[in-house]
Trainee: 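Before I ask anything, here is the structure I am working with.
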Amino acid sequence: MYIFKDMAKIRENAKFVLCDIAEAKKGDNILVIADSESYTNARALCDVARECGFNAVILDVDMYGGAEGYDNIPIMEPVRQAILHADITFMTTPQMKTGFSTYLGSRDEGDESLLGKSKRFTFEHSGMEEWNINREEVLANRKRAMGIYALMQQAKDLRITTARGTDLHCAVHKGLDAMYPVMGIIPFYSEVAVIPSLGTVNGVVVADGASERTHNQRGFPIRPNTPTHCEIYKEPFKLVFKDSIVTDFSGDATQVQRLRDLLDEVEPRADLCDEIGLVATTSIENNMYGWKVDGTHQIHCVHVAIGNNRRRGEIIHSTEHIDFDIHDPIVEVDGVILYKDGKFNDEVIFKYAE
């Protein structure tokens, strides 16, 4: 039994996720991965799923990995097969501690799950009973990401600037190894991940937001904004790129030392521009309920990732991948402004989503 103050709201939110975002259909077999921290959300999803004519089951992984914080858990073939054969899978366990690669044993499968095409969804596990979902806004976020993705496929140049000094240029036409619409983190997040070819990124990033934990959770963020340790009040972190390689960086001495230590310790060296992430959501709930571990991927931001991806046309996340948030950017594609002063140019973007 589970009880919330507003049972009607959590059920309404569950139905929106199931029917509007996941587009579940009668007879679909739905798998919900849960632990003790997220079980009530999983139960709400399954109860509503059953009422809508979907088949649903909860896979409780608490004893499997939750108690150990999901560090170095073994790959269990029954768990893996359940995920691969479900029509839709929701991972309700904490997204910054787990990922589909945690259960599938494959970074490639983890990246594929971020795109949403596989019908494997990373579910924001906090606050489901509190979400005041603006249906039109959330669906517009997803439409916007697809519009930016389509627009960028025809583009030649991408430029990111900010009042604090960011001025980053990336060649797009024949200058990208890959590009992906990130639609699998629900319900509030959407993004277009641009994977630039080596040698095509030049300029300066002034990261005034947080940096994420490195992809394989190897340690503390370079520039943390965690619930227990916030350093984004310190001077912004500056990264200089020449031909896609970090040639210089500066900022708070402690943060600089963290990055220097990482670069010295990691092989291959994580000094490449691995991604430019164009965040497409305007939902403040993304900041309130998502990304709770490191406080990255905020609205009104672009993030630029450094890492050591040598499989650039195949995956987003390599063994090391660190996103740095840049607040209040101006995003220009071929001289056309797509984002400025907190607003997207949806009049242009939505034409490409049709």
Side-chain angles (χ1 to χ4, degrees), residues 31 33 59 61 64-66 68-86 88-123 125 176-186 189-198 211-222 244 262-263 265-277 290-291 293-294 296-297 303-324:
L31 175 68
I33 302 171
L59 176 61
V61 296
Y64 172 37
E68 290 76 34
Y70 299 97
D71 290 331
N72 301 314
I73 64 175
I75 303 304
M76 293 180 64
E77 192 61 21
V79 173
R80 184 174 177 275
Q81 291 299 325
I83 295 170
L84 293 177
H85 287 87
I88 301 173
T89 302
F90 295 102
M91 185 188 72
T92 66
T93 50
Q95 73 169 80
M96 298 301 291
K97 297 179 182 177
T98 57
F100 278 100
S101 57
T102 303
Y103 306 112
L104 295 172
S106 166
R107 185 173 292 108
D108 292 29
E109 290 283 2
D111 266 12
E112 178 69 20
S113 300
L114 290 174
L115 310 185
K117 294 188 296 183
S118 62
K119 288 294 186 107
R120 296 196 289 265
F121 296 102
T122 299
F123 187 86
H125 81 287
L176 296 186
D177 286 319
M179 181 167 51
Y180 306 96
V182 178
M183 309 291 283
I185 303 172
I186 61 173
Y189 192 70
S190 59
E191 173 196 332
V192 177
V194 175
I195 315 300
S197 301
L198 294 179
S211 72
E212 69 171 349
R213 297 175 75 186
T214 52
H215 181 63
N216 65 354
Q217 302 181 6
R218 67 179 298 278
F220 199 69
I222 305 301
S244 298
L262 183 145
L263 294 177
E265 293 169 6
V266 169
E267 183 63 37
R269 191 173 173 85
D271 59 357
L272 307 179
C273 182
D274 270 357
E275 178 198 359
I276 300 173
W291 314 98
V293 170
D294 60 26
T296 60
H297 295 71
H303 56 260
V304 173
I306 61 173
N308 56 8
N309 188 359
R310 264 66 178 179
R311 295 176 55 202
R312 305 180 73 83
E314 304 171 48
I315 58 173
I316 303 173
H317 298 102
S318 50
T319 55
E320 300 297 336
H321 183 100
I322 313 164
D323 292 329
F324 287 84

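Note that the structure is a prediction, hence the values are computed from the model and not measured.
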Trainee: Ignoring hydrogens and angles, tell me if any N or O in the side chain of N309 forms a donor-acceptor pair with the backbone of I315 under 3.5 Å.
Mentor: yes
Trainee: Using every non-hydrogen atom in the two residues, find where P196 and C273 come nearest and quote the distance to one decimal.
Mentor: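 Result for this residue pair: CG-O, 3.7 Å.
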Trainee: Can you tell me how far apart OG (S244) and CG (D271) are? Round to the nearest 0.5 Å.
Mentor: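 So the OG of S244 and the CG of D271 are separated by 10.5 Å.
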Trainee: For S197, what residues pass the side-chain hydrogen bond (donor to acceptor under 3.5 Å, both in side chains) criterion, not counting sequence neighbours?
Mentor: D177
Trainee: Begin from the C-alpha positions of E109 and F100 and carry the test side chain to side chain contact (heavy atoms under 4.5 Å, CB included) through to its verdict.
Mentor: CA-CA 7 Å; E109 290 283 2; F100 278 100; over 6 Å; no
Trainee: Closest heavy-atom contact between P221 and S211?
Mentor: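 So the two residues come closest at CB-O, 3.4 Å.
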Trainee: Look up atom CG in D274 and atom CD1 in I195, then write down how far apart they are to the nearest 0.5 Å.
Mentor: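 Answer for the CG-CD1 pair, D274 versus I195, is 7.5 Å.
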Trainee: Give, for atom CD of E267 and atom CZ of R269, the distance between the pair rounded to the nearest 0.5 Å.
Mentor: 9.5 Å
Trainee: Under 3.5 Å, is there a donor-acceptor pair between the S106 and D108 side chains?
Mentor: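 On atom types as modelled, these side chains do not qualify, holding no pair under 3.5 Å.
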Trainee: Any non-hydrogen side-chain atom of R120 less than 4.5 Å from a side-chain atom of L84?
Mentor: yes
Trainee: Just to verify, what does E77 make a side-chain hydrogen bond (donor to acceptor under 3.5 Å, both in side chains) with, not counting sequence neighbours?
Mentor: R80, Q81
Trainee: Let me see the working for L31 and H85 under side chain to side chain contact (heavy atoms under 4.5 Å, CB included), right down to the final yes or no.
Mentor: CA-CA 9 Å; L31 175 68; H85 287 87; over 6 Å; no
Trainee: For a quick test of reading the model, state the closest non-hydrogen atom pair linking A270 to L263 and the distance between them.
Mentor: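 A270 and L263 have their closest heavy atoms at O-CD2, 3.3 Å.
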Trainee: Output yes when a side-chain donor or acceptor of D111 lies under 3.5 Å from a complementary backbone atom of I316, and no otherwise.
Mentor: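 The answer is yes, because a donor-acceptor pair under 3.5 Å joins these two groups.
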Trainee: Between the side chain of N308 and the main-chain N/O of P268, is any donor-acceptor distance below 3.5 Å?
Mentor: yes
Trainee: So, for D323 and A305, which heavy atoms are closest and what is the spacing to 0.1 Å?
Mentor: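 Shortest heavy-atom contact: OD1-CB, 3.0 Å.
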Trainee: Under the ring-ring contact (aromatic ring centres under 6.0 Å, His included) rule, collect the residues that match up with Y103, sequence neighbours excluded.
Mentor: none
Trainee: Is it the case that the side chain of R312 and the backbone of A178 share a donor-acceptor pair, with hydrogens and angles ignored and the cut-off at 3.5 Å?
Mentor: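 It does not hold such a pair.
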Trainee: Strictly distance-based, threshold 3.5 Å: is any side-chain N or O of Y64 a donor or acceptor partner for the main-chain N or O of P74?
Mentor: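 Checked: pair present.
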Trainee: Search all heavy atoms of A193 against all heavy atoms of E275 and return the closest pair with its distance.
Mentor: CB-OE2, 3.4 Å
Trainee: Would the distance check show the side chain of T93 and the main-chain N or O of T98 forming a donor-acceptor pair, the cut-off being under 3.5 Å?
Mentor: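 Absent.
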Trainee: As a quick check of understanding, evaluate side chain to side chain contact (heavy atoms under 4.5 Å, CB included) for M183 and K117, giving each step before the final call.
Mentor: CA-CA 8 Å; M183 309 291 283; K117 294 188 296 183; over 6 Å; no
Trainee: Would you say E191 and H297 are linked by a side-chain donor-acceptor pair, where the criterion is simply a distance under 3.5 Å?
Mentor: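 No, no side-chain donor-acceptor contact under 3.5 Å.
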Trainee: Which of these, I185, I88, L114, sits in a side chain to side chain contact (heavy atoms under 4.5 Å, CB included) with F121?
Mentor: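 Only one option passes, and that is I88.
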Trainee: If you measure from CD1 on I222 to CZ on F324, what distance do you get to the nearest 0.5 Å?
Mentor: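 Reported value, rounded in 0.5 Å steps: 5.5 Å.
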Trainee: Output, in order, the C-alpha distance, side-chain angles, deciding distance and verdict of side chain to side chain contact (heavy atoms under 4.5 Å, CB included) for I83 and I33.
Mentor: CA-CA 9 Å; I83 295 170; I33 302 171; 3.7 Å; yes
